[in-house]
Undergrad: 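Just passing along the structure, written as structure tokens.
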Number of protein chains: 4
Amino acid sequence: MAPRAPVVAVVGPGRNASAEELAAAEAAGAAIAEAGAVLVCGGLGGVMEAACRGARSEGGTTIGLLPGTDREDANGWVVLALPTGLGEGRNALIVRAADAVVAIGGGFGTLSEIALALRAGVPVHGVGTWELARGGSAVAGVRAVGDAATAVAEALRSVR
Amino acid sequence: MAPRAPVVAVVGPGRNASAEELAAAEAAGAAIAEAGAVLVCGGLGGVMEAACRGARSEGGTTIGLLPGTDREDANGWVVLALPTGLGEGRNALIVRAADAVVAIGGGFGTLSEIALALRAGVPVHGVGTWELARGGSAVAGVRAVGDAATAVAEALRSVR
Amino acid sequence: MAPRAPVVAVVGPGRNASAEELAAAEAAGAAIAEAGAVLVCGGLGGVMEAACRGARSEGGTTIGLLPGTDREDANGWVVLALPTGLGEGRNALIVRAADAVVAIGGGFGTLSEIALALRAGVPVHGVGTWELARGGSAVAGVRAVGDAATAVAEALRSVR
Amino acid sequence: MAPRAPVVAVVGPGRNASAEELAAAEAAGAAIAEAGAVLVCGGLGGVMEAACRGARSEGGTTIGLLPGTDREDANGWVVLALPTGLGEGRNALIVRAADAVVAIGGGFGTLSEIALALRAGVPVHGVGTWELARGGSAVAGVRAVGDAATAVAEALRSVR
């Protein structure tokens with residue numbers, strides 16, 4: 001891991017992820033590693049695991065910020081497992097740790113990570129994820145892109 | 001405060017709240033107190049302050065879970081100020097503390113509270129707040145109602 | 001609960017508390033309530049439960065900042081149970097919530113609360129609790145007193 | 001960084017560290033890196049910075065779990081800076097992240113990290129740090145050793 005390498009978070013469902021979401025996550029992880037960036041995620045299964053596997057396939061560094069207190073909860077592709085013991089409160093840490101966030105699919109946990117990132121001013125690029133509106137009008141927030149490679153490229157560009 | 005009284009959270013913008021949102025928040029706070037429930041919120045200004053003022057006008061109990069470490073940050077209608085020092089991480093605590101959430105208006109911080117509540121299975125009733133969709137289809141989550149009195153009544157009904 | 005009443009934390013072991021420690025905790029809780037102050041604690045058993053029972057016997061308000069996410073974990077004398085989901089991380093919240101801390105007996109969890117309080121500048125009065133030294137010399141920190149009534153009286157005096 | 005390398009935390013004062021404490025911290029960091037372990041710390045100055053400098057002199061990986069939300073707060077020898085936004089609450093994360101803790105010198109923040117580690121069952125080896133007692137009798141907890149090299153060797157042995 002290069003000192004102060006860019007850090008990109010990949011967020012998305014740990015369970016019930018579709019084959020398409022898992023493939024997108026793996027491609028995102030690989031693209032992050034190829035770019036020399038560090039992958040941070042929640043460290044569990046589904047989208048998190050697929051992203052880690054993709055990053056490791058390119059020799060990248062993967063950080064898992066776990067909700068529980070047991071390092072053994074991390075998926076097998078996490079290089080550094082940090083058990084936070086904060087439950088869903090660890091979602092705030094994932095987005096704070098990142099220069100940019102890539103959201104793939106997602107349930108309410110993912111929505112909380114998107115919201116916390118946008119609140120903190122961290123750019124979010126999304127593939128098949130939440131669309132936000134108020135009063136019937138779309139609200140700018142998540143930048144929707146068509147595929148994982150574009151999401152990572154845009155995320156890294158936003159980091160400048 | 002009656003032991004184990006129901007706890008209802010009111011969430012919404014601390015700044016840039018509209019007059020309509022502030023009026024709704026004050027009405028929500030008053031309705032919560034009238035029902036003998038405890039109001040929990042983020043303890044700061046805007047919607048949080050209006051809700052606390054409403055609850056105090058009916059002699060209710062108001063709890064402010066502050067993001068910072070200084071109790072003096074609480075608005076003047078907070079009975080019990082708890083400085084968490086967790087920043088936006090305190091949003092997870094607000095929804096965990098509540099039996100039900102009433103969302104009024106809202107920015108990305110409010111969206112994170114909605115998402116964390118839905119993730120934790122805490123019902124959310126909303127007035128003029130976020131609308132959620134994926135793939136162009138609305139996603140059930142926030143139960144939109146027309147006014148604050150209805151939101152509180154539904155929230156308390158959901159607590160059973 | 002009077003608005004902005006003083007808040008005193010009682011910290012000590014949840015398990016394996018001695019009869020003497022439980023009696024001291026109950027007396028501390030009663031003294032806190034008699035003075036019109038609010039009791040905050042970890043909300044579980046042992047010293048926490050005894051302190052809550054003492055406070056309730058005098059009609060006081062008791063706040064339990066629980067480590068888990070289930071309100072039902074609170075002892076039966078907690079008026080307001082706040083499930084933090086932070087595990088031992090909730091210890092930092094207990095001391096931040098308090099104007100003063102009374103420590104009774106205690107294991108390493110209690111020691112962490114004492115340390116976090118002293119770090120935050122919150123005065124700690126102790127009954128039969130930790131003694132601190134470095135390089136063979138005692139370090140000022142916990143103010144050791146002989147009984148719970150004195151601990152609470154000194155704690156409230158420190159709040160001014 | 002090797003996948004699942006052992007993680008050793010170095011804790012100690014960020015300010016007012018003595019020259020002796022800084023030298024011990026630098027030696028500890030170097031020994032951790034030489035052993036192929038990862039250094040985790042609070043990421044700021046004093047003992048934390050000296051430990052990171054030592055680890056980097058041996059090409060090691062250094063993780064800084066910062067109390068604030070700004071990555072720029074990290075000292076110049078931190079490879080991966082994770083801003084937690086938890087204030088002193090991040091102390092719980094440092095010890096949870098580690099297989100073993102080396103404590104050097106220390107104020108009350110360090111004492112909280114020692115206590116949280118012992119509470120979590122993480123072994124603590126200390127150089128010139130806190131001595132704990134109750135009722136006039138020393139309490140086993142911190143394993144006092146004479147120098148940093150021994151502390152790290154013992155810490156790594158405890159990780160087995």
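Each chain gets a letter, A, B and so on, in the order the sequences are listed, and its residues count up from 1.
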Undergrad: Checking an interface table here. Which of residues 44-75 of chain D come within a heavy-atom distance under 4.5 Å of chain C?
TA: none
Undergrad: Pick one of side chain, backbone, both or neither for R90(C), based on which atoms fall under 4.5 Å of a heavy atom in chain D.
TA: neither
Undergrad: What pairs of residues pass the ring pair (Phe, Tyr, Trp, His ring centres under 6.0 Å) test when at least one of them lies in residues 50-77 of chain C, not counting sequence neighbours?
TA: none
Undergrad: If contact means a heavy atom pair closer than 4.5 Å, which residues of residues 114-147 of chain C contact chain D?
TA: A115(C), L116(C), L118(C), R119(C), G128(C), T129(C), W130(C), E131(C), L132(C), A133(C), R134(C), G135(C), G136(C), V139(C), A140(C), G141(C)
Undergrad: On a heavy-atom basis, which atom in A92(C) and which in G89(D) lie closest, and how many Å separate them?
TA: CB-CA, 4.4 Å
Undergrad: Mind jotting down which residue pairs meet the ring pair (Phe, Tyr, Trp, His ring centres under 6.0 Å) criterion with at least one end in residues 24-50 of chain C? Sequence neighbours excluded, please.
TA: none
Undergrad: Could you tell me which of T110(D), L111(D), L93(D) has the largest number of non-hydrogen atom pairs under 4.5 Å with chain C?
TA: L111(D)
